[in-house]
Amino acid sequence: MDYFDNHIHITRLPHPLEMARELHERGYKYMSVACEPWEWKAVQELREKASAEGWLIGCGFSFGIHPEIAGKVQEQDLRDLTKLLELFPDAQVGEAGLDKRYAGYGQGGVQEEIFRRQAKMAFEFGRDLQIHCVGDYGRIVKILRDVGFSDVRADDAAGVKRPRPLFHRFGGDAGIVKAGISLGALFSIHADSYCKKATREALALIPAECQRFETDADETFVRDNAETPREVAERLVKTLLDTQKNPAQP
Ligand SMILES: [Zn+2]
C-alpha cells in the first residue's frame with residue numbers, strides 16, 4: 001500500500017537518510033517541507049543522497065520561510081529562496097503564513113509582508129503554496145486574492161496548470177473552506193484538524209479530491225533519543241492512517 005504524507009519535516013527527524021530508506025521501504029511518500037535556511041540546505045543534501053538510492057520516487061519538496069522567523073529574515077534569504085525555486089522547478093513554496101504566537105503578527109506587520117512576498121513568488125513561479133495559519137485565515141485569503149490566486153478549476157478544464165494554495169494542518173471553519181475552494185485550494189488534514197468543532201464540521205464540506213493528509217512530523221514527533229528510524233517510520237505510518245481514518249464528519 002502507498003501512503004502520501006502531505007507535510008513532513010524529515011530533516012528534523014533523527015538520521016534523515018535512514019528515515020528516507022525506512023519510509024521508502026514502506027511505500028510511504030511525502031512532501032518534505034523546509035521552512036528556514038538551514039533546513040533548505042538539509043533538504044537539498046538529503047535529496048541528493050536519497051535520490052541516488054531511488055528512495056525519493058513519488059516524493060516532493062517545498063522551500064519557504066515560516067512566520068516564526070519572518071522578523072529575522074534578510075533580503076538575502078528571499079533572494080536565496082528565489083534562486084532555489086529557479087534551481088528546482090518541481091519544488092513548492094512554503095510553509096509560509098501567519099501565526100499569532102510570534103512577533104510581527106499584527107495587521108500590516110512583518111509576517112504579512114513575508115507571507116505576501118512568498119505568495120507572490122508561488123503565483124509567479126506557478127508553484128503550489130504550503131500555508132501555515134494559526135490565527136486569521138481571512139487575512140490569508142485576502143492576500144492570496146491580492147497576489148492573483150483565483151479559481152483554478154476553469155483553467156484545469158482547459159488543461160492549464162495553475163498554482164494552488166494548500167492549507168497545511170488545516171484549522172479554519174466553513175467560511176474558509178468555501179473561500180479556499182473558490183481559489184482552487186487543497187486542505188491538508190492533520191490529527192489536530194479534528195480537535196476544534198468548527199473545523200471538524202468544515203471538513204465535511206471539502207470535496208475528496210481537495211483533501212490531503214499529513215503528520216507535520218518534526219523533532220517533537222520523536223519520543224526519545226533511543227527511538228530508531230524504523231520505529232519512527234512505523235509510527236508515522238500508523239499516525240497517517242489514523243488521520244485518514246478519522247471520518248471527516250461533524
Ligand atoms: Zn510544518
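In listed order, ligands and their atoms are each counted from 1.
Atom CD of Glu48 sits in a sparse spot, with 12 or fewer heavy atoms from other residues, nucleotides or ligands closer than 6.0 Å. Heavy-atom contacts from other residues, nucleotides or ligands closer than 6.0 Å to CG of Asn225 number 12 or fewer.
The CD atom of Gln130 lies 9.0 Å from the CG atom of Asp216; values are rounded to the nearest 0.5 Å.
Shortest distance from the Zn ion (ligand 1) to Asp216 is reached at OD1 (N/O/S atoms only). Among the heteroatoms counted here (N, O or S) of His9, NE2 is the one nearest to the Zn ion (ligand 1).
In summary, the aromatic rings of Phe4 and Phe213 are positioned with their centroids too far apart to meet the 6.0 Å limit.
With the Zn ion (ligand 1) as vertex, His7 NE2 and Glu95 OE2 subtend 90°, rounded to 10°.
Metal site remark for the Zn ion (ligand 1): Cys35 contributes no N, O or S atom at a distance under 2.8 Å.
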